[in-house]
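In listed order, ligands and their atoms are each counted from 1.
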Amino acid sequence: MNVNQSAPPVPPFGQPQPIYPGYHQSSYGGQPGSTAPPTPYGAYNGPVPGYQQTPPQGMSRAPPSSGAPPASTAQASCGQATYGQFGQGDVQNGPSSTVQMQRLPGSQPFGSPLAPVVSQPAVLQPYGPPPTSAQVTTQLAGMQISGAVAPAPPTSGLGYGPPTSLASASGSFPNSGLYGSYPQGQAPPIGQAQGYLGVQTPQRSAPSQASSFTPPASGGPRMPSVTGPLLPGQGFGGPPVSQPNHVSSPSPQALPPGTQMTGPPGPPPPMHSPQQPGYQLQQNGSFGPARGPQPNYGSPYPGAPTFGSQPGPPQPLPPKRLDPDAIPSPQLNELPPQQKTRHRIDPDAIPSPIQVIEDDRNNRGTEPFVTGVRGQVPPLVTTNFLVKDQGNASPRYIRCTSYNIPCTSDMAKQAQVPLAAVIKPLARLPPEEASPYVVDHGESGPLRCNRCKAYMCPFMQFIEGGRRFQCCFCSCINDVPPQYFQHLDHTGKRVDAYDRPELSLGSYEFLATVDYCKNNKFPSPPAFIFMIDVSYNAIRTGLVRLLCEELKSLLDFLPREGGAEESAIRVGFVTYNKVLHFYNVKSSLAQPQMMVVSDVADMFVPLLDGFLVNVSESRAVITSLLDQIPDMFADTRETETVFAPVIQAGMEALKAAECAGKLFLFHTSLPMAEAPGKLKNRDDRKLINTDKEKTLFQPQTGAYQTLAKECVAQGCCVDLFLFPNQYVDVATLSVVPQLTGGSVYKYACFQVENDQERFLSDLRRDVQKVVGFDAVMRVRTSTGIRAVDFFGAFYMSNTTDVELAGLDGDKTVTVEFKHDDRLNEESGALLQCALLYTSCAGQRRLRIHNLALNCCTQLADLYRNCETDTLINYMAKLAYRGVLNSPLKAVRDTLITQCAQILACYRKNCASPSSAGQLILPECMKLLPVYLNCVLKSDVLQPGAEVTTDDRAYVRQLVTSMDVAETNVFFYPRLLPLTKSPIESTTEPPAVRASEERLSNGDVYLLENGLNLFLWVGASVQQGVVQSLFSVSSFSQITSGLSVLPVLDNPLSKKVRDLIDSLRAQRSRYMKLIVVKQEDKLEMLFKHFLVEDKSLSGGASYVDFLCHMHKEIRQLLS
Ligand SMILES: [Zn+2]
């Protein structure tokens, strides 16, 4: 294991590192261990407080942990002191001026915001590189304000708030009912021609005719008429109203130069496959034509296939009907299509998340993503791809909202595109990718810039024959220490560059010297303390017995490093109700000993020796303890619990042992016993939609924040497992886990028979997770930008250092950047994330991730290199933090306004001229509206009546640490048809859009969002399918709410169960299955996740929201 130890500064590089065996742990997961109780899902029957759809969460993908690697070393004890990494003199970003080397000024000053630089000139320039991104032009005819109907639109967001607020917004929407409670599934009268098109009638009409593509956007502006037919030659046939959306994008060749936004020099990195540059893409995809109905969309819409297949001048539109209501009533197909298409927006003609995801998979999933090129936008998170590190950190570690940053803050302000990076420093990697190499520079420690303290990285410039190097972050010139000297080759590169990870890779680790340890002492291995609520509720539900039984075997799978035979982690046990019981499990004892501490106001740890022990040494005593605990409290009548004193006790125990560690708390109720941190029930649903709603998300006492700070100082991370039967004030109880980098799991109305699989899966995964303890993260940037804001589960005591008592491979830290000077295109912008942490074996390490971004003087370059999924991740986190301080409506309005500004700036500066009636979206952001709408109507920002206060606080807290893949599927769930693809097909079936109209009543679907998993069964599904999956003879015999599918020996059953397993393996929390039958009462739960539809809580449908965004954009432009 000590491969790198005391090795020469140059580690063996280039071969797989033996040191990272990595995934040994996953083996545990393989053990079915416990039980999957096939019990009917009971909880849904009663008036459950908070619909259970709570979160499942779960287990994991077993993959390799890139996490804390192995280590070898030393251990000593830790104390407290300062971290060498962040000593007094540190300057994060380095002074910008005073440096020897001056950066070149930006090649071209960015003019006034209105300068025509971007758009117009672009039009005139010769078309350069192949178009890489295209603009999507969608004409929402109905939105055209010039129409007779168009009233002066209100300026401020008419909030997509609850139905009530809509009324006031009615000015803009003639039919305010739209945002109100439009009965799901009820289509307005068909022929109704209303000026405001689909807006009011969320009815989906069928796409019409081939939504033909109009000629190149440069063509004459379209008439903004509302109802009139299109002008000839415009490419679409029907009346604008019915055919509101279409792509005006021409094929690449036909593309007028201007539309490509070629202004800036430098070939933009291709965003899409070569064969499908630009518009083509839409053609097949989101915009419907060629594509027709979703692949799996079938049965009820026989006519559908013709979608969009008619390119030409289309007069008579072959109308299609995609009415959601059609699902149960096939006869709708017989209706004359023509009548239905008027005044509605064709859902197939607006950008489709499914199509974008599919295109990216096809175009970018085949080749590895090689990180050697600066500013390259990675494939989407939904695409499977391998990464080759050639100098920049893998997108698994860092994703940015844009890979091309405006050179000036004026430009950035104009565009309003947030500049942020979502960083997952300890992300797990797939087995095919190597974990970061560990570099050991011996006693001298890692080489750093003297001024800004940035770590040696591939972007440092060696000069003077290799005797000095210039810092790429602050430009300071540093001497190269003699032992690190190396000659340069004719290109100025060190000849050993490829032998050293820190000179050639984007991500690597350094062994830290004692200077990086608290009190200048190497740390001890961390400890885990299990703290179990043994009050009446915990005993009654069977939780305590289940947990104790599980721990007996789980303790053999504590995180280990490298080839270590056993984990270095020590363990301790505490049980509690309103007093605490500590256990001495010293190996020399015949039986465990209990010590009770009833003075919870002044918590202390009654024993040191024998509390934290090595599992294998004390196995017999531990097993005996775990056997006894359930019996000892079997007859308890104690219902009161304490909470803060429990955390305090765990933290004090770690402090006494001089180590970092993690507390696993298993807690059931609102802590109302007299003790510090005592809480009262302050849940009040009447606060919803008032200015005081924010208080529901705020902790009810500051005591937990204070406690959290102490925990962070000690490196004490807290993971909380909640088993509430009623309100427990998650907002307050999750403060400590949140600030210490811990996790919260919630199992409402826990019942062993229904929930044990989910709980045990989560527990196993959580306990086995590789964790970095007592961590500090800092993000350095090159001159011109700096990190200004941070989101995630951590604590900050100053403005630059992110302190994490613990950090695991699932947690992300989102960092926002702002300009503090101008950037220049030539040097670009650099980020370096340095994470100092203690590994599971007690080794102190530094993990470094570097990323170089491009900088631009043309807005078009910014828009061409954005990543919408990352933008949404950032915007959701910003909004979810905003609810602590602002009314929800204000938070929603802010999001809408920012989104409108982003898109309006594009329209104004980058898009080719076109009529005002067209909605033009940048190719990279064409999903921004649909995804943003999902955020706006999420449970946190716009809760339905069934969502409890605790659920909202819980979700809010979860999203804070989610990575981009998790927020993507959380906000826009995946809906997979199960019987459309051939049964022998082994690949995941292609997803369909999350809308009721995409459901065929003859099919079965899986829906998942990372927390919830539903199996929806259509009422007309074939009897054979019912038999194969459920082993019953008819639809009516299927048990609604079932949570486990019977194990049947037939291909379909096996395929579906395998798919469920595979989906679960992809997510970090176990997703409990819920079987939902069409038209059953549980279906309401399911429909909540059909996010393209209008929601019961008043959230807009995708179509409506798109119209609204269009209106907002037009207001900004006029
Ligand atoms: Zn520097």
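Contact annotation: C472 places no N, O or S atom under 2.8 Å from the Zn ion (ligand 1). Residue contact annotation: C476 places no N/O/S atom under 2.8 Å from the Zn ion (ligand 1).
For the residue pair Y508/N850, the side-chain donor-acceptor check at 3.5 Å is satisfied.
Angle SG(C452) to the Zn ion (ligand 1) to SG(C474): 110° [nearest 10 degrees].
Here Y874 and F791 bring their ring centres to under 6.0 angstrom of each other.
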H487/F485 under ring-ring contact (aromatic ring centres under 6.0 Å, His included): CA gap, chis, key distance, verdict: CA-CA 7 Å; H487 294 287; F485 174 80; 5.0 Å; yes
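Remark: side-chain polar atoms of K877 are paired, donor with acceptor, to backbone N or O of M962 under 3.5 angstrom.
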